[in-house]
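Down below is the structure, laid out as C-alpha cells.
Start at 1 and go down the list; that is how both ligands and their atoms are numbered. Computed from heavy atoms alone, side chains included, the values below leave out hydrogens, waters and symmetry copies.
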Amino acid sequence: MKNICVVGVGYVGLVTGTCFADLGNNVVGIDVNEDKINDLNRGVMPIYEPGLGEMVERNVKAGRLRFTTSYPEALQDAEYVFICVGTPEGVDGEADLRYVRAAAEAVAQHVDHPVVIVNKSTVPVGTGDWVADIVRSKQTKPIHFSVVSCPEFLREGVAIADFMNPDRTVLGSVDQKGAEAVAQLFLPLRRPIVMTDLRTAEMIKYASNAFLATRISFINEISIICERLGADVMEVAQGMGFDKRIGHHFLQAGVGYGGSCFPKDVKALAYMAQTHGMHPQLLNAVMEINDFMRKHVIFKLQDMIGEVKDKKIGILGLAFKENTDDIRESPAITIAQVLLERGAHVRAFDPVAMDNSARVLPQVKMCQNSYEVADGVDALVVVTPWNEFKQLDMAKIRQSMKTPLLIDGRNIYEPSLMHELGFNYSGVGRGYNGTGNR
Ligand code: NAD
Ligand code: UGA
C-alpha cells in the first residue's frame, strides 16, 4: 500500500486515482476546481465514464480515496504525486503548459518530504526536465525528488479496462530509482513495463497518438477514393486487417478523429518538429485529411439537398466518440456549427453529452431521443456511433422524416437495408458513387 496524490481529477486523474485506490493504495485527489471536488465529495460524478462511479464510491467508502482542494492536505503523506492536469492546445498548436507549471510550483511549495513526481499529462519532449527545474527553483529548502514520465494511454469510454489491463506502461526518468519506485505501483497489473529515459517516454506518447491518428486519416483518404471508384471501405479495411502486419484496429473510416487528445497532440508534435527546423509533412497531411472529413459531410449534404439554409437537419450523437460525454474537438460540434452558420435549423440527441453540448451550441434544439430528432427533418446525420443508434426502428425514423436523406458518418448501418427502407443513404466510402448502391 502506497500513499499517492493525484493532481487534477479530470478524465485521466480521476481514473488513475480511483484505479490505484482499487489496487489497495491510499489516494488523495486534489483539484483547483471547487465544484468538481464538491461534487465528488457529494458522490456526484463530474464525468461520464462507464463503471467509474461505482468504483469511486466503493473506494471512498473503504477509506482509500478522498478528494480535496487543499495542496497541503493532499501532499501531507504523499510518496508519489501524479500530475494529471490538462495540456490543451495553445497558440500555433503548441501545448499549453500553464497548468503543469502551476501544479509543479504548488507541489514544490507544499511538499516537505522526498517524493516521486510522475508526469501523466501529455507533455512536449523536454517537459520532465523543465518540471524538475521548476520544482527545484520553487522549493523553500532542498528536498529530494525524482521526476518520472509515465504517459497515459487510456481511451475514454473504456478507461478502467485500459488502466487495469494496459498494453504497456512506459516509464522514463534520469533517476533509475524513481522509475523503479513507480514501476512498483504497476507490478500488480502484471503487464509489460518499458523503462526508458524521460524524453523518449514523452516522445513515445506523441508518436503513439500520431500513429493512431495517421491510421485513421489513411483509411479516411482511402474511403474518399472508394467513394469515387465504387469500392467499399469497410470491406477494404477488413481485408487489409487480416494481414498481421496491418491489423484491424483504427481502420474505421468516418467523420474523422476528435477528442481532447488526437487533434491537439498531432498539432503539438508538428509544432515541436517545425520549431526545430523540420517540415512534418506526414503529420500535416494527417491533420488536413481529418479537417476535410468534417467538411465532406457538409459537401454531401449540399450535394443531396442543395443549400442548407432554412433546412431542418438532425444530428445523432454529439460526443466525440461513443461511451463518453466529452465533446472536446467533437466532429459533431463542428458540423453543427457550420450548419448553423449557413442558416440551417439543427436538432440533436446524444445519450449523455447533451448538457455539455447545450453550453456551446445554445441554438441547437436538444431532443429527448433519436425519434424526436428525426421528426420532420430534411436530413439526418449520424456522427457518433452509440450502440443505441444501431438498434433504432429505422422504418419509423424514415416515416417521420420530411425527406429521407440519411448520412451515416460512422458506417453503422447496412447500406442495402437502408435503401430497402427507402432512405437516400450515404455512408463513408461505401460502394458505388458513395451511395452504398451496388
Ligand atoms: P481534464 O481537463 O479532464 O482534467 C484536468 C483537471 O486538472 C481539471 O479537473 C482541472 O481543474 C485540473 N487542474 C488544472 N490545473 C490544476 C492545478 N494547478 N492543480 C490541480 N488541478 C488542476 O483533462 P484530461 O482529459 O484528464 O487530460 C489530462 C492530461 O492527460 C492531458 O495532458 C491529456 O492530454 C492527457 N491524456 C488524456 C486522456 C483522455 O482520454 N482524456 C488520455 C491520455 C492522456
Ligand atoms: C485516444 C487513444 O486511443 C488513447 O490511447 C490515448 O490515451 C488518448 O487518445 C489520449 O491521449 O487522450 P480517445 O481519444 O479516448 O483515446 O479515443 P479513441 O478511441 O482513440 O478515438 C479517438 C477518435 O478517433 C474518436 O473521435 C474516434 O471516433 C476516432 N476513430 C477511432 C476513428 O475515426 N476511427 C477509428 O478506427 C478509431
Side-chain angles (χ1 to χ4, degrees), residues 5-17 29-37 39-40 46-47 49 67-71 74 81-89 95-107 110 119-124 127 150-159 162-163 166-167 205-206 208-213 215-220 223 233 237 241 248-266 268 290 293-294 317 319-332 383-385 409-411 428:
C5 167
V6 171
V7 180
V9 286
Y11 286 86
V12 167
L14 190 54
V15 170
T16 304
I30 151 102
D31 204 292
V32 290
N33 183 332
E34 280 184 26
D35 291 342
K36 210 173 250 194
I37 295 298
D39 277 353
L40 284 164
I47 54 167
E49 179 62 44
F67 303 100
T68 179
T69 52
S70 157
Y71 266 102
V81 180
F82 279 75
I83 297 184
C84 303
V85 298
T87 49
E89 184 182 326
D96 180 349
L97 293 179
R98 81 178 81 167
Y99 306 108
V100 176
R101 174 189 280 281
E105 287 179 353
V107 171
H110 297 289
N119 266 341
K120 246 204 176 310
S121 299
T122 303
V123 288
T127 303
C150 173
E152 181 53 66
F153 298 101
L154 66 76
R155 290 161 301 166
E156 291 178 19
V158 283
D162 280 352
F163 182 97
D167 288 343
K205 173 63 193 173
Y206 278 103
S208 301
N209 272 4
F211 182 71
L212 293 170
R215 281 180 70 105
I216 297 170
S217 280
F218 171 81
I219 201 67
N220 280 334
S223 79
V233 75
H248 285 107
H249 295 295
F250 279 74
L251 285 181
Q252 283 165 36
V255 290
Y257 59 77
S260 66
C261 292
F262 282 177
K264 81 168 168 65
D265 291 348
V266 178
N290 199 55
M293 295 315 291
R294 297 173 189 209
F320 82 96
K321 63 181 247 187
E322 68 280 25
N323 297 325
T324 181
D325 62 351
D326 198 341
I327 56 161
R328 290 178 283 185
E329 294 287 329
S330 172
V383 192
T384 315
R410 296 290 184 180
N411 288 341
V428 180

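Taking every heavy atom of Cys84 and a limit of under 4.0 angstrom, the matching atoms of ligand 1 come to 5 (C), 28 (C). Residue-ligand proximity, Thr87 to ligand 1, at heavy-atom distances under 4.0 Å covers atoms 31 (C), 32 (O), 34 (O). Every atom of ligand 1 is numbered from 1 in the order shown, and the set under 4.0 Å from a heavy atom of Ala102 is 18 (N). Residue Lys36 approaches ligand 1 through these ligand atoms, each under 4.0 Å from one of its heavy atoms: 8 (C), 9 (O). The ligand atoms of ligand 1 that sit less than 4.0 angstrom from a heavy atom of Glu152 are 43 (C), 44 (C). The ligand atoms of ligand 2 that sit less than 4.0 angstrom from a heavy atom of Lys205 are 6 (C), 7 (O), 10 (C), 11 (O). For ligand 1, the atoms lying closer than 4.0 Å to a non-hydrogen atom of Lys205 are 43 (C). Contact atoms of ligand 1 toward Ala103: 18 (N) (distance under 4.0 Å to a heavy atom of the residue). The distance from ligand 1 to the heavy atoms of Lys264 drops below 4.0 Å at these ligand atoms: 33 (C), 34 (O).
Atom 15 (O) of ligand 2 has its closest protein heavy atom at Glu156 N, 2.8 Å. Looking only at protein heavy atoms, the nearest one to atom 7 (O) of ligand 1 is Gly8 CA, 3.4 Å. Nearest protein heavy-atom contact of atom 5 (O) of ligand 2 is Phe153 O, 2.7 Å. For atom 18 (P) of ligand 2, the closest non-hydrogen atom of the protein is Lys321 NZ, 3.6 Å. Summary of contacts: the protein heavy atom closest to atom 29 (C) of ligand 1 is Val85 O, 3.3 Å. Counting protein heavy atoms only, atom 34 (N) of ligand 2 is closest to Gln252 O, 2.9 Å.
Of the candidates Leu154, Val12, Ile219, Leu154 brings a heavy atom nearest to atom 4 (C) of ligand 2. Compare Arg328, Glu156, Glu89, Arg101 by their heavy atoms: the one nearest to atom 40 (O) of ligand 1 is in Glu156. Of the options Tyr206, Phe262, Phe320, the smallest heavy-atom separation from atom 2 (C) of ligand 2 is shown by Phe262. Among Ile83, Val12, Asp31, the residue whose heavy atom lies nearest to atom 12 (C) of ligand 1 is Asp31. For the residues Asp96, Val32, Thr324, Thr69, the heavy atom positioned nearest atom 21 (N) of ligand 1 is part of Val32. Closest to atom 42 (C) of ligand 1 by heavy atom, among Thr16, Leu154, Ile47, Asp162, is Leu154.
Inter-residue side-chain proximity for Lys264 and Arg328 is flagged as unmet; no heavy-atom pair is nearer than 4.5 Å. Considering only heavy atoms from C-beta on, Val266 stays 4.5 Å or farther from Asn209 through its side chain. Taking the side chain as every heavy atom from C-beta outward, Asp39 and Phe67 never approach each other to under 4.5 Å. Contact check for Ile219 versus Val233: side-chain heavy atoms found under the 4.5 Å cut-off. Looking at Val7 and Val85, their side chains come closer than 4.5 Å, going by heavy atoms from C-beta outward. Under the 4.5 Å side-chain criterion, counting only non-hydrogen atoms from C-beta, Glu156 is not in contact with Asn323. Under the 4.5 Å side-chain criterion, counting only non-hydrogen atoms from C-beta, Phe320 is not in contact with Ser260. A 4.5 Å side-chain heavy-atom check between Val12 and Ser121 finds every atom pair outside the cut-off.
Residue contacts with ligand 1 include Tyr71, since one or more of its heavy atoms lies under 4.0 Å from the ligand. Heavy atoms of Ala106 come nearer than 4.0 angstrom to ligand 1 in no pair at all. Within the structure, ligand 2 lacks Arg215 among the residues with a heavy atom less than 4.0 angstrom away. At least one heavy atom of Arg410 sits under 4.0 Å from some atom of ligand 2. Using 4.0 Å as the threshold, Gly258 has a heavy atom nearer than that to some atom of ligand 2. Using a non-hydrogen distance threshold of 4.0 Å, Cys261 registers as a contact of ligand 2. At a 4.0 Å cut-off, not a single heavy atom of Thr122 sits close enough to ligand 2 to count as contact.
Close N/O approach between Arg155 and ligand 2 is not found [any backbone or side-chain N/O within under 3.5 Å]. When only interatomic distances are considered, the shortest N/O to N/O separation between Asp265 and ligand 1 does not fall below 3.5 Å. Considering backbone and side-chain N/O atoms, Thr122 comes within less than 3.5 Å of an N/O atom of ligand 1. The shortest N/O to N/O separation between Tyr257 and ligand 2 does not fall below 3.5 Å. For ligand 2, the polar-atom distance check finds no N/O of Ile216 at less than 3.5 Å from any of the ligand's N/O atoms.
Classification of the Phe262-Tyr257 ring pair by plane angle, with boundaries at 30° and 60°, yields perpendicular.
Using a 4.0 Å cut-off between heavy atoms, Ser121 contacts ligand 1 through both its backbone and its side chain. When heavy-atom distances to ligand 1 are checked against a 4.0 Å cut-off, Glu105 has no atom that comes that close, whether in backbone or side chain.
The shortest heavy-atom contact between Met293 and Gly256 is CB-N, 3.9 Å. Between Arg215 and Phe250 the shortest heavy-atom distance is CB-O, 3.4 Å.
Annotation: the span from Glu49 atom CD to Thr324 atom OG1 amounts to 6.5 Å, rounded to 0.5 Å.
Within 6.0 Å of the CD atom in Glu105, the count of heavy atoms belonging to other residues, nucleotides or ligands exceeds 12.
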